[in-house]
Amino acid sequence: MKNEKGTGADDNFSFSDIFDLNDIQHIQDLFADATGVASIITYPDGTPITRPSNFSWFCNEIIRKTEIGLKNCLNSDAEIGRPNSSGPTIRPCFSCGLWDAGASIIVGDRHLANWLVGQVKNDDLDREKIIEYAKIIGADEKKFIAALEDVTVMSKEKFFKVAQMLFAIANELSSKAYQNRQLIKSVHDRNQAEDELIKSEILNRTLIKHLPQRIFIKDTDSKYILSNEIYSKDLGINSNDIVGRNDFDFFSNELAEKYRKDDQDVIANGIQKEFEEKYAISNRERWTHVNKVPYRDADGKIVGVLGIFEDITERKLAEEELRISHEKYQSIFESTGTATLIIEEDSTISLANHECFSLTGYSQEELIGQKWTKYVETESLQNMIKNHNLRRIDPSLAPKKYEVKLIHKNGETRYAMLDIGMVHGSGQSIVSILDITDRILAEKALLAKAEELERFNRLMLGRELKMIELKKEIIELSKISGKNVNASGDISTDITKKKLEEQTLVQRTMEQQRELSNKKKTEKELKNSNNHSETTKIATINLLEDIKLEMEQRKKVEKEVKKLNSELEKRVNERTSQLEEVNSELQAFAYSVSHDLRAPLRAIDGFSKFILEDYSSKLDDEGRRLLGLIRSNTIKMDKLITDILSLSRVTRSEQKKSKIDMTKMALSMFNEAASDENKRKMKFVIEELPDTYADATYIKQVWINLISNAVKFSSLKKVPKITIGGYSEEGRHVYYVRDNGEGFNPEYTHKLFGVFQRLHGADEFEGTGVGLAIVQRIIHRHGGTVWAEGKEGKGATFYFSLPSKRN
Amino acid sequence: MKNEIEILLVEDNPNDAELALRALKKNNLSNNVVRACDGEEALDYIFARKSYKSDNSLNIPKLILLDLKLPKIDGLEVLKVIKADPVTKLIPVVVLTSSHEERDMVESYSLGVNSYIVKPVNFDNFIDSVREIGFYWLLLNQQPDIKDLIK
């Protein structure tokens, strides 16, 4: 037997891989010699493996020399050697008919060979039949018979014993070969495992040796078993000398105790410990990242602790520096005093400081991640985009500071002065934003005031001009008459005096100049003619009287206006407080309705239920039905109270207006109001609706009420149809909900929107008759109107309008 | 202390109280219920005063069901007192009221109420509400052991 050839670790092996052919030949020869039978070992198909031993002349030289004979011999060997676990196969040869016996050699589950013995004869065989075989194979009959005579004679009993022996040896061979094979395999596997172990051992050692981390292994008693060089170097010891020592040899008692405690924790609990700690190496403080894991033997038992240290001092320092610098940067960023943003190249806001909140109304969280352009008014945006692009080509191309308009969260426009800087080496820019709204508004107000003042001045000029002229005339007149007319100087107020000094300014106006020159002419005429002086004097006095009168009149009117105003104010105040009183009464009433009216209702329902539960056996069907009616009516009453309250709430509460996407709102209210079953059989159309500005909570209520009415009143139709539409016309948006349901008699249109007005019986359609009243109240409060169109049995359309102007 | 009180029911209306007790009973929650008829009695009970005077400085139910509209001291006032005390503020208080009023809700929540439930008129729904309140506050919800804090 051999085991050196062919590693045989795979299952693809042949007879010669397992057995040494010389050994086998030797065994076969000995067997043949000892027993006196012929023998050969073949492949399962009959092809010989060994040389024949002790073959008869008859078989070797006569039968196997013919073509048919040889073929039959091989077939017979294959057949007789076929695996048979019960014992050897013993029978006359399928070729010549001499006795043959065979056993299989099977290794594992593979049939490798047949061992055949035989070529003996005795009286049990039919000699004549054997001789006939000569003709079949075309052999020379004389030679055939002569050779047959030479064939060994062996009794049947003896041959059977030989066959049994063959079977035993063949089986033994098979089992030995199998064991052998398993042995080869296991040796091979072990070699391979050892190879790998060695490889991995080398790898581990190399790794441990060259890793920058400090690595050690300690036993359960925290004594070192192993460490890498860098670790033992830190401890100032040779890595071979560390074995058997413990931390008390290298560290302060306190530290060593701590290390020991960590080790024991890991060992006792089988857990991994990972932490960062300070570690003193040659009086230098270093930061280490420590990882201690249980060290296990091959059976998984914990036999120590494996520690890995990493020096992370540099990282720690860098982290600290980064943290400080980040904090510094953060605090500078936060304390610039102006709103400051960091904008990415694609205009996304990546950082915003607190000041941005007061500027835009959006919190830092809301701003970060948004496009910065979102907050800029459209007209400013074009300019900003242009600058943004230019700046990225060359920062000097775009102005560093410029003005934009921003949109505050509350919709207001804010004026802002941007100051933009680029972050070097990135597409980022730092934008600081100064809120100059107050300044701009102040400027505007100032401008308006200035204009008003100018208008006023212009107005006054006309009048004062007259005064000036008058005064001049008076002076002139006094000169002429030689009298002191100081008394008439009373009318010249301080302003007119001043204005007199500023006469040149007045004279700038052409018209005035012309007027002036005309007057001058008159003066000259007066001067020249004393006759006219009296007339002028009288005229002057008249004019003075007029002015006095006018002023008195005006004072009187002003007084009256003031009086009226204060009266009005008083009345408004009175009315307001009355209203407030009514309102608070109404609120108290509503509160009491919601609380006090509900309590008895709940009691009625609850106690009816008690009766149904506790006295059920004493009640007949009618009794139970009546109690059921009581209960369903309490629920109806509750619904009524709820509706009335929501109606009153419309009047009481303040409106909070915002922009509403009406198409979206109507659609979502339809989804809320219509059940899935409604939707399945219904045809529903919604058109694009104009957006509006109103109180969303209430407008939702309007949609819900109108749509659920439409759903309700069309529910009996085979194919209910609801259309929601809208359009804009001058000053208002109109919306409508149309259905193909029961409709109504147009004569009663005026009753539709009244409280508790129902145009259908409670049996037909449920309802409290408050829904449309609520709709009307909400729309009226928004300054809109409601109306309806319809015919009995032909569907209905309910319209409402809202003013298109925001206010 | 044996028979620890689980629920303090503060309800002035005897009918509503009967309904609530029946709803609690239906949900097997009625064993340890104390009913207070007004806000004053509720506070007397919690702070162990007058007829509720005992060795304990406080009576701590596991849950307080509080009506808002109450004689003498109203529900919001009671809530305010309970939530102002460092110990009693830990007791979950569920307002159980008829009022849908936004004002009451806002006020209750600003005073720190734990839940605000509108009593349904329909008794079946009322039973459901009480079951859910009991299940949530007495079984599902975890709260600190207040009795430990008093000692």
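Throughout, a chain's letter reflects where its sequence line sits, starting with A, and its residues are numbered from 1.
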Taking the six-membered ring of B:Phe123 as reference, does the NZ or CZ atom of A:Arg631 fall below 6.0 Å from its centre and within a 45° cone about the axis?
no

More than 12 heavy atoms of other residues, nucleotides or ligands under 6.0 Å from NZ of A:Lys664: yes or no?
no

d(B:Leu19 CG, A:Asp605 CG) to nearest 0.5 Å is 8.5 Å

Supply the atom-to-atom distance B:Ile127 CD1 to A:Lys609 NZ, rounded to the nearest 0.5 angstrom.
5.5 Å

Evaluate whether atom CD of A:Glu622 has more than 12 neighbouring non-hydrogen atoms of other residues, nucleotides or ligands under 6.0 angstrom away.
yes

If we check side chain to side chain contact (heavy atoms under 4.5 Å, CB included) with B:Asn122, which of these qualifies: A:Thr634, A:Asp638, A:Ile635?
A:Ile635

The reported gap from CD in B:Glu18 to CZ in A:Phe610 (rounded to nearest 0.5 angstrom) is 5.0 Å

Taking atom NZ as the centre, does B:Lys25 end up with more than 12 heavy-atom neighbours from other residues, nucleotides or ligands that are less than 6.0 angstrom away?
no

Within 6.0 Å of CD in A:Glu574, more than 12 heavy atoms from elsewhere
yes

Where on B:Asp104 is there a heavy atom nearer than 4.5 Å to chain A: the side chain, the backbone, both, or neither?
side chain

Would one find more than 12 heavy atoms of other residues, nucleotides or ligands at under 6.0 Å from atom NZ of B:Lys89?
no

N-O pairing of A:Arg598 and B:Asp16 below 4.0 Å:
no

Are more than 12 heavy atoms from other residues, nucleotides or ligands located less than 6.0 Å from atom OH of B:Tyr109?
yes

Measure across A:Arg602 and B:Ser98 and return the closest heavy-atom pair with its distance rounded to 0.1 Å.
NH2-OG, 3.0 Å

Rounded to the nearest 0.5 Å, what separation is found between the CG atom of A:Leu601 and the NZ atom of B:Lys119?
12.5 Å

Within the supplied structure, the quantity of interest is the number of heavy atoms (other residues, nucleotides, ligands) at a distance under 6.0 Å from A:Arg575 CZ; does it exceed 12?
no

